[in-house]
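Just so we're clear, the structure is a prediction, and the values are computed from it rather than from any experiment. Residue numbers run from 1 in the order of the sequence given.
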Amino acid sequence: MGEKAHILVIDDEKNYLLVLQTLLEDEGYTVTAISDPETALAFLEESEVDVVVTDMKMPKVSGREVLQRVKKEWPYIPVLIMTAFGSIESAVDVMKYGAFDYITKPFSNDELLLSIHNAVELSRAHRQYRLLQEAMENRYGIHQIVGRSKAIRDVLVMVERAAPSRSTVLISGESGTGKELVARAIHYASPRKDKPFISVNCMALNPGVLESELFGHEKGSFTGAVALRRGRFEQADGGTLFLDEVGELTPDLQVKLLRVLQERKFERVGGGEEIEVDIRVVAASNKDLAALVERGAFREDLFYRLNVVQIPLPPLRERREDIPLLVAHFVEKVCADDNLPPKTFSTEALNYLTGYEWPGNIRQLENVVESCLVLVPGATIGVDDLPAEIRDEEAQFKSAVDLLPVQLDLADTLEKIEAALIRRALVRADLVQVKAAEYLGISKSLLQYKLKKYGITGH
């Protein structure tokens, strides 16, 4: 049976208490037997109990009152009701209030033991679920959004303010900036955290498959639909539906999504029955949806339905001061997950990581950190251990140039590149201007002039 289940038995008839305690202890359970229901409820406040077995008719506090209190305070604890005054009406009454089972005295031992066994299994399932929920909250909670930069602090404020509401949220940002992490943080900081978080990547599936994935389908609605299938909207009922890359939706699916957002109703593919859902939608896109609206590629009314609360995520290159924190976070995470010995990145290696452009953003950084931790045998990861594209400054420059559009304002672009190079040099020099000027091959006075010109703070 593993760890002994703890059964709390409440009955004002002490003979029954003794019989039940002996019977259950012989089956390997830990039993607490209490004749006064008020004392038993006080015991519950201080103790971990798996199942409550209570008599129905007791002085001062009835079994139904015990049931109601347990369901209110400890809803995950199954309650079995015993009574010598059994009737269909009273059975229906206590089951309506959430009793796990109803047993009439005198009962057979086998009947009682089977019911308690089933209640214990349910209690353990509830406990495992609560542990899983706690693990998910720890893994995807707001504290997992790592950084101290102003840009990321602004994101955290918006997440904390948006989470308690029902409002639809639109998260924008480049690929790899952590849009799904922010969506999960919103969910686990919301009143819906105990309900499902369902994620759909709208770009990963073709339109026909995506429609069935979102809305479900009836049996026989198309070739291969051999059974009824509940879609993601139904699966997310009561919780949060995350629509990633929502800008990829076809015009037909945009219309159907708009209807769900407006009416909270939809129909399965091939079905005629309207299904109501209570969901909170969080959408994300790495495309500029407003620009898509201007080009006629995205419905304006759907855009405004999605864009109730907008949370823009900055690219990693605009929050470079967070890179050492992110590296430390990923080192701890990967070493724990893969059971690797602790390792550190040298200061020079961190400077290279901080100065890189990171076209793949946080996802790329995490992959680089994991690769180094797995492949480097020593306890310290140096510059030579970094991937070639990060330590090769010519490759870095070419990579940055390749990201630029073909048509651009040359003077304005050159100024932006110069400002970015100055920021990178300052970071690598630990904000020491003399050292940064040496990296750039210019005088300190010229550096100070350019810092003032571009509004860069350096000490």
Side-chain angles (χ1 to χ4, degrees), residues 1-134 194-196 230 237-238:
M1 188 180 291
E3 181 187 352
K4 287 185 177 182
H6 186 185
I7 315 296
L8 172 62
V9 182
I10 311 169
D11 197 323
D12 62 317
E13 295 183 47
K14 294 188 177 179
N15 287 339
Y16 258 109
L17 270 185
L18 182 59
V19 169
L20 283 169
Q21 183 171 8
T22 302
L23 175 64
L24 296 176
E25 286 178 345
D26 286 347
E27 288 295 311
Y29 296 113
T30 298
V31 180
T32 299
I34 300 177
S35 60
D36 175 41
E38 291 181 335
T39 303
L41 290 170
F43 176 81
L44 271 172
E45 293 179 355
E46 305 293 334
S47 306
E48 188 78 24
V49 171
D50 294 291
V51 176
V52 172
V53 181
T54 180
D55 189 32
M56 173 70 93
K57 192 173 181 63
M58 297 181 291
K60 293 195 286 187
V61 179
S62 69
R64 190 173 75 174
E65 290 172 317
V66 170
L67 169 65
Q68 290 174 309
R69 172 75 182 278
V70 172
K71 290 291 101 180
K72 180 181 178 182
E73 302 290 337
W74 308 279
Y76 48 86
I77 300 179
V79 179
L80 280 69
I81 300 288
M82 301 181 301
T83 183
F85 305 94
S87 70
I88 293 176
E89 290 77 12
S90 58
V92 170
D93 185 52
V94 294
M95 297 303 281
K96 181 176 67 178
Y97 284 103
F100 177 79
D101 203 356
Y102 180 91
I103 298 173
T104 305
K105 296 178 181 178
F107 49 78
S108 74
N109 290 352
D110 288 343
E111 179 188 9
L112 176 65
L113 291 174
L114 176 60
S115 184
I116 287 180
H117 170 78
N118 292 336
V120 167
E121 291 300 309
L122 177 63
S123 179
R124 286 178 170 168
H126 279 309
R127 183 178 296 180
Q128 289 172 354
Y129 176 76
R130 295 200 312 275
L131 291 173
L132 177 62
Q133 284 295 105
E134 289 174 7
D194 294 328
K195 299 296 183 179
R230 295 168 63 240
D237 191 24

Least distance between heavy atoms, L17 atom then A33 atom: CD2-CB, 3.8 Å
task: State, yes or no, whether a side-chain contact exists between D101 and N118 at a heavy-atom distance under 4.5 Å.
output: no
query: Are side-chain heavy atoms of V53 and M82 found at a separation under 4.5 Å?
result: yes
message: Would you say that T32 contacts S47 through its side chain, given a criterion of any heavy-atom pair below 4.5 Å between the two side chains?
response: no
field: Nearest heavy atoms of P78 and F100, plus distance in Å
entry: CB-CB, 3.9 Å
field: Exercise: identify the closest heavy-atom pair between I103 and L80
entry: CD1-CD2, 4.1 Å
Point-to-point distance, once rounded to the nearest 0.5 Å, from CG of L20 to CD of E13: 10.5 Å
message: Measuring from atom CD of E65 to atom NZ of K60, what distance do you get when rounded to the nearest 0.5 angstrom?
response: 12.0 Å
field: Non-neighbouring partners of D12 that pass side-chain contact (heavy atoms from CB on, under 4.5 Å), sequence neighbours left out
entry: D55, M58, P59
message: Is there a side-chain contact between I10 and V61 in this structure, where contact means two heavy atoms from C-beta onward sitting under 4.5 Å apart?
response: no
query: Looking at NZ of K4 and CG of D50, how far apart are the two atoms once the value is rounded to the nearest 0.5 Å?
result: 13.0 Å
- request: Answer yes or no: is there a side-chain heavy-atom contact under 4.5 Å between L113 and E27?
  value: yes
message: I'd like to check T54 versus L67 (side-chain heavy atoms, cut-off strictly below 4.5 Å). Are they in contact?
response: no
task: With sequence neighbours excluded, give me every ring-ring contact (aromatic ring centres under 6.0 Å, His included) pair touching residues 43-72.
output: H6-F43
- prompt: Residues in side-chain contact (heavy atoms from CB on, under 4.5 Å) with E45, at least two apart?
  reply: R69, W74
task: Please round to the nearest 0.5 Å and tell me the distance separating atom CD1 of I7 and atom CD1 of I116.
output: 5.5 Å
task: Identify, with sequence neighbours excluded, every residue that meets side-chain contact (heavy atoms from CB on, under 4.5 Å) alongside T39.
output: I34, D36
- prompt: So how far is it from L18 CG to T22 OG1, rounded to the nearest 0.5 Å?
  reply: 4.5 Å
side-chain contact (heavy atoms from CB on, under 4.5 Å) partners of H126, counting only residues at least two apart: Y76, L122, R130
- request: Drop me the distance from K72's NZ to Y97's OH, to the nearest 0.5 angstrom.
  value: 13.5 Å
task: Taking the side chain as every heavy atom from C-beta outward, state whether V9 and Y16 have any pair of such atoms under 4.5 Å apart.
output: no
statement: Contacts satisfying ring-ring contact (aromatic ring centres under 6.0 Å, His included) that involve residues 44-70 (not counting sequence neighbours) are none
message: So Y29 and V120, do their side chains get closer than 4.5 Å, heavy atoms only?
response: yes
